[in-house]
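One structure is given below, represented as structure tokens, and several questions about it will come after.
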Amino acid sequence: MKKFKYLLIACLAVTLFSCEDDDIVKLNDSEYVPASIIEGFGSTLEISKPKKAETITVSYTPASYGVNIVKTHKLQFATSEDFANPETFDVDASDNSFTFTVGALNEFLTETLALPVDEEKTISARIMTHSLEGVDTLYSPVVSFKTTPYLDILFAENTFYLFGDGVGRIAQNNKLKLHKVAEEADDSWTIVWMEATGTFKLCSDVNFKGVIGKVGDPVNGEYTIGNADNRGEDIPVPGTAGYYTVGVNLATNTLMIEPANVYITGPNVDAWPVSSVTEENRFKQDTENKTMYLTKSFLGGELRLHVTHPYISADGWWHAEFIILDGKIEYRADGGDQERVNINGGERTIELDFINQTGKIK
């Protein structure tokens, strides 16, 4: 049942004085009609690497709330018609249509929906419409089409990625980025969920390192990583499912895996590293839900989170800092100060999902 929602357009009176009917709009008395007639995908959408620069236009009949009200349309995709796990495509609507390149769609299908390449899959699409706070979100009828994603490895310059069955990234097109460490040019890191069995490798653009693994057995927990002369072998996961931090040190050409250690620091706990790096400030692992969380009574103030690893200097904790921004995990990497997010004081739970790169404060 829709909530009563009043939009005051011209009426300033708040007492017993009446206003004209068209001064107040009752959305609950209006007919809500979701977007419809989505066209542009066809029954089969042919995409390929030679066509990556070509554009696709998807048109639709816009939604209506029965009144002249601001509304935003977004295109969503899912791998099932029930939209159990929808993902929103980052493209804006214009003139009742969405226009995007074949390459952008392929990247979304392989990176966000994690679809394998060279296999035909059925994709479902719909249009989500939202308006002012408190007004219902509308969803169009679902349309489905078949398409075959292609391999088009996209790499940031001088950046490593992980892939392999041991880290749940079975192909290079579905890779996991390592984050650079601020002011430590040779180091990078990432937190990844590792399965109980399996292996992984590093990959990058061919001008950097290409695909490399380990050379020989680890020494004191460190693997020597491959090079152009010896690419190396697959790197085995530790053997217990969970979150691990993978660090790479190019100065020594080594890689180290250790259980993920994530901490809160700063105003919320009234302490800074290294004194804030304590068990009570360390995130715990929820193995069943594949998340990390910290529940405690926090002080109000700016949220500051960081990871520790032997390759990251202890007194330079902010070199590997990250925050939760608009529900997503945002990394400082080798950039400057991040936008700050404040949390209120009191008993709270901070939850981190490094698989989907999301975070919650509840």
>> Are the side chains of Ile38 and Ser140 in contact, using a 4.5 Å heavy-atom criterion?
In response: yes
> Is the Phe89 ring parallel, tilted or perpendicular to the Phe108 ring (thresholds 30°, 60°)?
Replying inline: tilted
> How would you list, by chain and number, every residue that makes a salt bridge (charged side-chain N to carboxylate O under 4.0 Å, His left out) with Asp337, sequence neighbours excluded?
Replying inline: Arg332, Arg340
> How about Glu302: does its CD atom have over 12 heavy atoms from other parts shown lying under 6.0 Å from it?
Replying inline: yes
> Looking at residues at least two apart in the chain, or sitting in another chain, which of them share a side chain to side chain donor-acceptor pair (under 3.5 Å) with Glu279?
Replying inline: Arg282
>> If only side-chain N and O atoms count, and only distance matters, is there a donor-acceptor pair under 3.5 Å linking Thr349 with Thr295?
In response: yes
> For Asp90, which residues count as a side-chain contact (heavy atoms from CB on, under 4.5 Å) partner, sequence neighbours excluded?
Replying inline: none
>> Under the salt bridge (charged side-chain N to carboxylate O under 4.0 Å, His left out) definition, can you give me all pairs with a residue in residues 225-235, not counting sequence neighbours?
In response: Lys201-Asp234, Lys214-Glu233
> Which residue pairs pass the salt bridge (charged side-chain N to carboxylate O under 4.0 Å, His left out) test when at least one of the two sits in residues 343-361, sequence neighbours left out?
Replying inline: Glu351-Lys362
>> Less than 6.0 angstrom from the centroid, inside 45 degrees of the normal: does Lys175 satisfy that with respect to the ring of Phe155?
In response: yes
> Does any non-hydrogen side-chain atom of Phe354 lie less than 4.5 Å from one of Thr190?
Replying inline: no
> Parallel, tilted or perpendicular: which describes the rings of Phe322 and Trp189, with under 30° parallel and over 60° perpendicular?
Replying inline: tilted
> Residues two or more places apart in sequence or in another chain: which of them pass side-chain contact (heavy atoms from CB on, under 4.5 Å) with Thr197?
Replying inline: none
> Just checking, any donor-acceptor pair under 3.5 angstrom between side chains of Asn158 and Lys180?
Replying inline: no
>> Can you pull out every salt bridge (charged side-chain N to carboxylate O under 4.0 Å, His left out) where at least one residue sits in residues 70-79? Sequence neighbours excluded, please.
In response: Lys74-Asp92
> Is it true that the side chains of Glu87 and Thr112 contain a donor and an acceptor less than 3.5 Å apart?
Replying inline: no
>> Check this for me: Asp82, atom CG, are more than 12 non-hydrogen atoms of other residues, nucleotides or ligands nearer than 6.0 Å?
In response: yes
>> With a 6.0 Å cut-off (strictly less than), is the heavy-atom count around CG of Asn85, excluding the residue itself, greater than 12?
In response: no
>> Taking salt bridge (charged side-chain N to carboxylate O under 4.0 Å, His left out) as the definition, give me every residue that meets it alongside Lys52, ordered by chain and number, with sequence neighbours left out.
In response: Asp152
> Are there more than 12 heavy atoms of other residues, nucleotides or ligands under 6.0 Å from atom CG of Asp326?
Replying inline: no
> Any ring-ring contact (aromatic ring centres under 6.0 Å, His included) pairs touching residues 197-224, not counting sequence neighbours?
Replying inline: Phe160-Phe208
>> Checking the side chain of Asp334 only, and the main-chain atoms of Val181 only, is there a donor and an acceptor separated by less than 3.5 Å?
In response: no
> Can you tell me how far the OG1 atom of Thr265 sits from the CD atom of Glu321, to the nearest 0.5 Å?
Replying inline: 9.0 Å
> Can you name the salt bridge (charged side-chain N to carboxylate O under 4.0 Å, His left out) partners of Lys121, sequence neighbours left out?
Replying inline: Glu119
>> Tell me whether Tyr243 contacts the main-chain N or O of Lys290 through its side chain, where contact means a donor paired with an acceptor under 3.5 Å.
In response: yes
> Do the side-chain N and O atoms of Ser124 and Ser144 include a donor-acceptor pair separated by under 3.5 angstrom?
Replying inline: yes
> How would you list all residue pairs meeting ring-ring contact (aromatic ring centres under 6.0 Å, His included) that involve residues 253-276, not counting sequence neighbours?
Replying inline: Tyr263-His306, Trp272-Trp317
>> Is a donor from one side chain sitting under 3.5 angstrom from an acceptor on the other, for Tyr311 and Glu258?
In response: no
> Among all residues two or more places apart in sequence or in another chain, which pass the side chain to side chain donor-acceptor pair (under 3.5 Å) test with His309?
Replying inline: none
> Counting only heavy atoms not in Lys284, do more than 12 sit closer than 6.0 Å to its NZ atom?
Replying inline: yes
